[in-house]
Amino acid sequence: QVQLVESGGGSVQAGGTLRLSCAASGWIDRTYCMVWFRQGSGAEREGVAGIFDGATTTYADSVKGRFTISRDNAKNTLYLEANSLKPEDTAMYYCAAQRSSRAWCASLRDPASYKYWGSGTQVTVSS
């Protein structure tokens with residue numbers, strides 16, 4: 001069984017930076033696609049960034065050039081460096097995992113496509 005625990009959220013002013021972490025435990029390895037999602041108040045859950053084996057990454061257009069996803073396979077930890085934050089980035093951020101191929105992980109999928117989820121960490125950006 002895979003367990004995911006997010007941390008690192010908080011409240012920042014616009015233009016600020018946060019680094020989110022997602023610690024994975026259980027049977028998870030390089031064959032898992034790891035993804036960050038977010039869900040704002042009243043909004044649908046949307047994919048933010050995904051990574052496969054540290055080499056293949058994909059980003060939503062809304063965060064390209066501002067967010068960076070990375071993973072430390074030795075520590076079983078996923079990261080999201082969020083720079084130049086905007087009020088519209090305010091949301092609960094979740095990490096998700098799904099065993100997949102590299103090609104499958106090259107696109108952000110519907111949330112139902114990912115089997116494992118954390119409980120989220122809140123990011124609030126004030127103007």
Atom CD of residue position Gln122 - does it have more than 12 heavy atoms of other residues, nucleotides or ligands inside 6.0 Å?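 Enclosed: over 12 neighbouring heavy atoms sit under 6.0 Å from CD of Gln122.
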
Is it the case that Arg66 and Ser84 place a side-chain donor and acceptor less than 3.5 Å from each other? no

Quiz question: by atom type and distance under 3.5 Å, do the side chains of Thr17 and Asn83 form a donor-acceptor pair? yes

For the backbone of [Y] and the side chain of [X], can you confirm whether one donor and one acceptor N or O come within less than 3.5 Å of each other?
{"X": "Thr77", "Y": "Lys75", "answer": "yes"}
{"X": "Thr121", "Y": "Glu6", "answer": "no"}
{"X": "Gln98", "Y": "Lys115", "answer": "yes"}
{"X": "Glu81", "Y": "Thr68", "answer": "no"}

Scan residues 72-113 for pairs that pass ring pair (Phe, Tyr, Trp, His ring centres under 6.0 Å), counting only residues two or more places apart or in two chains. Trp104-Tyr114

Heavy-atom check, side chain of Cys105 versus side chain of Thr56, under 4.5 Å: no

Do the side chains of Pro111 and Phe37 get nearer than 4.5 Å, heavy atoms only? yes

Is it possible for you to say whether [X] and [Y] belong to one hydrophobic cluster, with membership spreading through side-chain heavy-atom contacts below 4.5 Å?
{"X": "Tyr116", "Y": "Phe52", "value": "no"}
{"X": "Val35", "Y": "Ile28", "value": "no"}
{"X": "Trp36", "Y": "Val123", "value": "yes"}
{"X": "Val63", "Y": "Leu108", "value": "no"}
{"X": "Met92", "Y": "Trp117", "value": "yes"}

Could you give the distance from [atom1] ([X]) to [atom2] ([Y]), rounded to the nearest 0.5 Å?
{"X": "Lys86", "Y": "Ser126", "atom1": "NZ", "atom2": "OG", "result": "15.5 Å"}
{"X": "Arg45", "Y": "Asp110", "atom1": "CZ", "atom2": "CG", "result": "11.0 Å"}
{"X": "Gln3", "Y": "Cys22", "atom1": "CD", "atom2": "SG", "result": "11.5 Å"}
{"X": "Arg30", "Y": "Asn73", "atom1": "CZ", "atom2": "CG", "result": "4.5 Å"}

Quick one: which of Leu80, Ile69, Val48 gives a side chain to side chain contact (heavy atoms under 4.5 Å, CB included) with Leu20?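 The passing option is Leu80.
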
What verdict does the side-chain contact (heavy atoms from CB on, under 4.5 Å) test give for Leu85 and Phe67, after you've listed the backbone C-alpha separation in whole Å, the side-chain angles of each residue and the deciding distance to 0.1 Å? CA-CA 9 Å; Leu85 282 161; Phe67 290 13; 3.8 Å; yes

Begin with the C-alpha distance, continue with both residues' side-chain angles, and end with the deciding distance and a verdict on salt bridge (Lys or Arg N to Asp or Glu O under 4.0 Å) for Arg38 and Asp89. CA-CA 9 Å; Arg38 68 185 181 186; Asp89 295 317; 2.9 Å; yes

